[in-house]
A.B. asks: 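Shown below is the structure under consideration.
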Amino acid sequence: MNPTPPLEAQDRPARLTVGVVGAGRVGPALAAALKLAGHRPIAVSGVSDASVRRAAELLPDVPLVTPAEVLARADLVLLTVPDDALADLVAGLAETGAVRPGQLLVHTSGRYGTAVLDPATRAGALPLALHPAMTFTGTSVDVQRLAGCSFGVTAPEELRMAAEALVIEMGGEPEWIAESARPLYHAALAIGANHLVTLVAQSMELLADAGVRAPDRMLGPLLGAALDNALRSGDAALTGPVARGDAGTVAAHVAELRRHSPQSVAGYLAMARTTADRALAHGLLKPELAEDLLGVLADAGNGPGTAARPGPGPAAPGTGPAAPDTGPATPGSPESPGSPESPDSPDGRDHAPDGPDPDHGPDTPDHGPEGGDR
């Protein structure tokens, strides 16, 4: 990605007073980044003990007030609440007259563009959707991580320059996302970031069961290289028994997982089938080896504790991967995708409130790539 050119003075937004509605993991970090750029955080809302602690650490001396009071004080308001709460929050603020004409209203949900802000827009607000594609911890390290972080930006054409300028001032890189593409954009981030955490955690557990004393140290270099290769080369970076067509090794894997970690079998089979399809389509997996491999995966999917279902037929040479299974998810078939935020979700995820913290759950890394609750 080419570095974003520095802003000219006429392109910079005026120094703004900044408010945060929802002191989860994302809002205080973005407000702190805006403060470094010369803007002035002036009010924050949050009700849980965790929210109070985050605000005190990242926005010291900024008073905690009600959401309506945040809007009354701030020129730029960050709405960093869970995805499922965003529409009702915006509607409520508009209905109660809290929205002021000319006020910049920014949400950080990956799922939504600016349409979710329509009630506030009709009241005169200026709508922006700025989604940081980053995982947040709720600590000061998040501000540093924004350097070079991509933001999914959606805004009316007349506000595009202001939206991109705010992202650049926070240290980020703006990436324009069409309103209609926001759900797909967010799903892509959830697949990459949220599912990665699940896969890595599962891999570490299995290594520990195998007697490895430091699974994290063993996986670190391997996964770092795999990620780097994948980002550089895409499917050409695929390696391992599935891409090679080693059906016997895959069968041995499934047998061991059934014995030691049966809850891992469905995920292994789903990813193996997807990997086989991609390797076959890109010429990495030879069609004559794919037949035995896909047969093993189909048989494994019909193993103990699973409902019998026909596996995919082998792909004939030159015909590409077998058609994807679009039926209900079963062990041995790709799992049906849920909402990217039903974790997140990254981000995104991300958005369903976790546990006792109404402003987004316990102080643990949140939201995958989705920024916004949190």
A.B. asks: In chain order, what residues pass the side-chain contact (heavy atoms from CB on, under 4.5 Å) check against Lys286, with sequence neighbours excluded?
C.D. replies: Glu288, Leu289
A.B. asks: May I ask you to test the Phe151-Ile168 pair for a side-chain heavy-atom distance under 4.5 Å?
C.D. replies: no
A.B. asks: Do the non-hydrogen side-chain atoms of Leu34 and Pro41 ever get within less than 4.5 Å of each other?
C.D. replies: no
A.B. asks: Under the rule for side-chain contact (heavy atoms from CB on, under 4.5 Å), what residues qualify as partners of Leu126, not counting sequence neighbours?
C.D. replies: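 Only Leu104, Leu159 meet the side-chain contact (heavy atoms from CB on, under 4.5 Å) criterion with Leu126.
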A.B. asks: With sequence neighbours left out, what residues match Arg160 under salt bridge (Lys or Arg N to Asp or Glu O under 4.0 Å)?
C.D. replies: Glu164
A.B. asks: Look at the side chain of His131 and the backbone N and O of Ser150, then say whether any donor-acceptor pair between them is shorter than 3.5 Å.
C.D. replies: no
A.B. asks: Side chains of Met218 and Leu207, heavy atoms from C-beta outward: is any pair under 4.5 Å?
C.D. replies: yes
A.B. asks: Using a strict threshold of under 4.0 Å (side-chain N to carboxylate O), is an ion pair present between Arg40 and Asp75?
C.D. replies: no
A.B. asks: Are any of the side-chain heavy atoms of Val254 and Val296 separated by less than 4.5 Å?
C.D. replies: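 Not in contact.
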A.B. asks: Test your reading of the model: is there a side-chain donor-acceptor pair from Ser45 to the backbone of Gly22, 3.5 Å cut-off?
C.D. replies: yes
A.B. asks: Do Leu78 and Val18 touch side chain to side chain, with heavy atoms closer than 4.5 Å?
C.D. replies: yes
A.B. asks: Taking Leu269 as the starting point, is it possible to reach Leu206 by hopping between hydrophobic residues whose side chains are less than 4.5 Å apart?
C.D. replies: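 Yes: a chain of side-chain contacts under 4.5 Å links Leu206 to Leu269.
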A.B. asks: How close do His39 and Leu166 get, counting heavy atoms only, and between which atoms?
C.D. replies: NE2-CD2, 4.2 Å
A.B. asks: With clusters defined by side-chain heavy atoms of hydrophobic residues (ILVMFWY) lying less than 4.5 Å apart, directly or transitively, does Leu130 cluster with Leu16?
C.D. replies: yes
A.B. asks: Under 3.5 Å, which donor-acceptor pairs link side chains of residues 230-253 to any protein atom two or more places apart or in another chain?
C.D. replies:
residue, atom, partner, partner atom, Å
Arg232, NE, Asp228, OD1, 3.1
Arg232, NE, Asp228, OD2, 2.9
Asp235, OD1, Arg278, NE, 2.8
Asp235, OD2, Arg278, NE, 3.4
Asp235, OD2, Arg278, NH2, 2.9
Asp235, OD2, His282, NE2, 3.2
Arg244, NE, Asp246, OD2, 2.9
Arg244, NH2, Asp246, OD2, 3.4
His253, ND1, Tyr268, OH, 2.6

A.B. asks: By the salt bridge (charged side-chain N to carboxylate O under 4.0 Å, His left out) test, which pairs, at least two apart or in different chains, include something from residues 194-216?
C.D. replies: none
A.B. asks: Hey, is the main chain of Gly138 close enough, under 3.5 Å, to the side chain of Arg54 for a donor-acceptor pair?
C.D. replies: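 Not confirmed, Arg54 side chain does not pair with Gly138 backbone.
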A.B. asks: Taking it one step at a time, do Ser109 and Val116 satisfy side chain to side chain contact (heavy atoms under 4.5 Å, CB included)?
C.D. replies: CA-CA 10 Å; Ser109 165; Val116 71; over 6 Å; no
A.B. asks: Which atom names give the shortest non-hydrogen contact between Leu58 and Ala29, and what distance separates them?
C.D. replies: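 Reported closest heavy-atom pair: CD1-N, 3.8 Å.
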A.B. asks: Please check: side-chain N/O of Thr274 versus main-chain N/O of Ala270, any donor-acceptor pairing under 3.5 Å?
C.D. replies: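 Yes: the side chain of Thr274 pairs with the backbone of Ala270.
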A.B. asks: Please tell me if the side chains of Leu79 and Leu117 come closer than 4.5 Å, counting only heavy atoms from C-beta onward.
C.D. replies: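 Side chain of Leu79 against side chain of Leu117, heavy atoms only: contact under 4.5 Å found.
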A.B. asks: Going by side-chain contact (heavy atoms from CB on, under 4.5 Å), name the residues that satisfy it together with Arg217, two or more places apart in sequence or in a different chain.
C.D. replies: Ala214
A.B. asks: Do Leu30 and Met170 make a side-chain contact, defined as non-hydrogen atoms from C-beta onward lying under 4.5 Å apart?
C.D. replies: yes
A.B. asks: Would you list the pairs meeting salt bridge (charged side-chain N to carboxylate O under 4.0 Å, His left out) in which at least one residue belongs to residues 183-202, sequence neighbours left out?
C.D. replies: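 For residues 183-202, and leaving out neighbouring residues, there are no salt bridge (charged side-chain N to carboxylate O under 4.0 Å, His left out) pairs at all.
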A.B. asks: Do Val167 and Trp176 belong to the same hydrophobic cluster, where Ile, Leu, Val, Met, Phe, Trp and Tyr are linked whenever their side-chain heavy atoms lie under 4.5 Å apart, directly or via other members?
C.D. replies: yes
A.B. asks: Cut-off 3.5 Å, no hydrogens considered: what does the side-chain donor-acceptor table look like for residues 85-102, sequence neighbours left out?
C.D. replies:
residue, atom, partner, partner atom, Å
Thr96, OG1, Gly92, O, 2.9
Thr96, OG1, Leu93, O, 3.2
Arg100, NE, Leu71, O, 3.2
Arg100, NH2, Leu71, O, 3.4
Arg100, NH2, Ala74, O, 2.5

A.B. asks: I need the minimum non-hydrogen distance between Val44 and Ala55, along with the two atoms involved.
C.D. replies: CG1-CB, 4.2 Å
A.B. asks: Taking side chain to side chain donor-acceptor pair (under 3.5 Å) as the test, write out the residues that go with Ser264, two or more places apart.
C.D. replies: Gln202, Ser261
A.B. asks: Work out which heavy atom in Thr80 is nearest to a heavy atom in Gly27; give both atom names and the distance.
C.D. replies: OG1-CA, 3.4 Å
A.B. asks: Quick one: list whatever passes side chain to side chain donor-acceptor pair (under 3.5 Å) with Glu179, sequence neighbours left out.
C.D. replies: Thr114
A.B. asks: Salt bridge (Lys or Arg N to Asp or Glu O under 4.0 Å) with Arg259: which residues, sequence neighbours excluded?
C.D. replies: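 Scan of Arg259 (salt bridge (Lys or Arg N to Asp or Glu O under 4.0 Å), adjacent residues dropped) gives Glu256.
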A.B. asks: If we only count heavy atoms from C-beta on, is the Thr135 to Arg145 side-chain gap below 4.5 Å?
C.D. replies: yes
A.B. asks: Would you please name every residue forming a side chain to side chain donor-acceptor pair (under 3.5 Å) with Glu69, sequence neighbours left out?
C.D. replies: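 Only Arg73 meet the side chain to side chain donor-acceptor pair (under 3.5 Å) criterion with Glu69.
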